[in-house]
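In what follows, a single structure is set out as structure tokens and then discussed.
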Amino acid sequence: MNSSQCTDKLDTFTLGPLEAGPACCDPQPAIQVRNLSLLYDGKAALDKVTLDIYQGCITALIGPSGCGKTSFLSAINRLTDLIPGCNVTGKILVHDQDIHHPDTHAQTLRRQVGMVFQKPTPFPLSIRRNLSLPLNEHGITQKTEVASITEHVLRDVGLWDEVHDRLDASALSLSGGQQQRLCIARALALKPQILLMDEPCSALDPLASGIVEDLICRLRGRYTIVIVTHNLAQARRIANYAAFFWVSGRAGQLIEFGRCQHIFESPSHELTAAYINGVRG
Amino acid sequence: MRETMPIHTWQVLRDRIVQFLIYASVLLISAVFIWILADLVRGGFAHLSWEFLTESPRDAGRAGGIASILVSTLLILLVAVLTAVPIAWTTAILLAEFVAVDSAFGKAVRFSLHVLAGVPSIVFGLFGNAFFSVYLGLGFSILSGGLTLACMLLPILASTAEAGLRTVPNAYRMSASALGLTRTAALVHLILPAAAPVLAAGLLLGIGRALAETAALLFTSGYVDRMPDSLLDSGRALALHIFDLSMNVPGGDMPAYASALVLVSLLLCINILAMKFAHGLQRRKIMT
Ligand SMILES: Nc1ncnc2c1ncn2[C@@H]1O[C@H](COP(=O)(O)OP(=O)(O)OP(=O)(O)O)[C@@H](O)[C@H]1O
Ligand SMILES: [Mg+2]
């Protein structure tokens, strides 16, 4: 495990990671969220969130249960389109392109913005087919190429040694943690530029969690990652930026956003400070 | 600290009683089925022979066999299923995948399907006679009988298929979409295979209904018991044959029993085959 290595790196950067993104202290925003409000059946779940997610950085979303972190992620890849009664207002630019613009095709957007769900969602197919089906649909059909990508991503999530001799078994026969790692591998295989991860480690044991954490750290710079986590220590270890959400009234709001170090060491909002110190208010 | 409450004897007793009732009702259902089967075997088995299956009926069915009846039945069924399945399943896909549950369009279609499902088969027979036989000029033929049955099958097939598609967890659609799969790809590779057992079960139910249908065929495919030459010939279905033998033909009891035995055996075979098929399909999908 080299998550300690990660922590070291974290201490050395000022704004954005040194090994990634633009060398200057002015990181480019990959996702710009402006005044995002989200309603489920007329009830607000997110209220006027404005936030930039920087290219090549890891941004952690933290906050109590039900404050709209998952909703925020699904708004970015327009998965909210699939939820009946869900209404999104505000503007989201992904790589300077308005995702709600009529010319933006949802499927094209989702190929740029991958997502790992809170609950593992393997397809009821074999492990191999779980990976090859999306690859085939993305136009990668050559058997050798698919096989090499399969091995590569399964090694990345530390699943290869566990499953390499039973790739044709049903993915549903894997344990919960293995299923989640398979889903991470599946998202990675498509090489999205942006990766949204909704509590990817919540179902994992410390070892597997460490592997995934290291993986996320290795992706830094190449991918823009937004990760939801309830594990504050983890957020602190891996994230460059952190956004703190809170439910005020009934709708979730963004309370504070800034560099991870800043949020965790000298938060400017008292709610943030209370949450991070585990004070119940 | 509170003591753990021991389970009362009456709670245990209640469990026992519920268990007993469940087993009793299962037993009752099986008993009814076995009774019917036993009765048919007792009454018809002696009459059953290879000749019975390969000869055409003579003397209004008292003598000879049911070969031409079987052929007509199969043809009617084929026409019905081949017409109804594509229409019904695309309707189901539309309702379950592309139309919001509470949309006016979806509600209207679903409502009309429910009404259609409740229409007695004799009404379908009259409609089929008026529309296919007379208006379209198909006359008393296997084709008009099959098309009438197709109308009857539509609501059964569409409703079961829609229900089947709705049992597929939404998480599959979500994650397929999040992976950038198109709706068609998700449908073909994930949702339809996952719903296949239910689709097959619905198809089976439909075929069962069609195989046992008499009223809808009386005025459409007719009751000529000759071997049909084409789909435009009249042909007598098996259930209609049984009805005719037992109601209109004195001394037709034995062949009626034997024909009923054949009908029930056919239903059994179709059931078993469809189950195996659905199971196999699911396994194959998981294996590849
Ligand atoms: N499909 C839905 N329909 C209606 N309301 C929803 C739906 N999904 C979420 N909500 C509501 O929106 C609010 C935010 O939910 P969301 O799932 O975004 O929270 P979260 O921050 O991800 O919580 P957790 O940390 O528990 O995962 C909650 O109050 C929830 O009840
Ligand atoms: Mg969530």
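Order of the sequence lines sets the chain letters (A, B, ...), proteins ahead of strands, with each chain counted from 1.
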Measuring heavy-atom distances to chain B, does A:V113 have an atom under 4.5 Å in its side chain, in its backbone, in both, or in neither?
backbone

Side chain proximity check, A:E137 to B:H189, heavy atoms < 4.5 angstrom
yes

Given heavy-atom pairs under 4.5 angstrom as the criterion, report whether the side chain, backbone, both or neither of A:P192 touches chain B.
neither

Enclosure of B:R209 CZ (heavy-atom neighbours >12, cutoff 6.0 Å):
no

Evaluate whether atom NE2 of A:H230 has more than 12 neighbouring non-hydrogen atoms of other residues, nucleotides or ligands under 6.0 angstrom away.
yes

Looking at A:L190, A:N130, A:L133, which has the largest count of heavy-atom pairs under 4.5 Å with chain B?
A:L133

Could you tell me which non-hydrogen atom of B:Y172 sits nearest to which non-hydrogen atom of A:F123, and how far apart they are?
O-CE2, 3.8 Å

Residues 175-186 of chain B: residues contacting chain A (heavy atom under 4.5 Å, by number)
B:S175, B:A176, B:S177, B:A178, B:L179, B:G180, B:L181, B:T182, B:A185

Answer yes or no: does atom OH of B:Y23 have more than 12 heavy-atom neighbours from other residues, nucleotides or ligands under 6.0 Å?
no

Considering heavy atoms only, which positions within residues 76-92 of chain A lie below 4.5 Å of chain B?
A:N77, A:L79, A:L82, A:I83

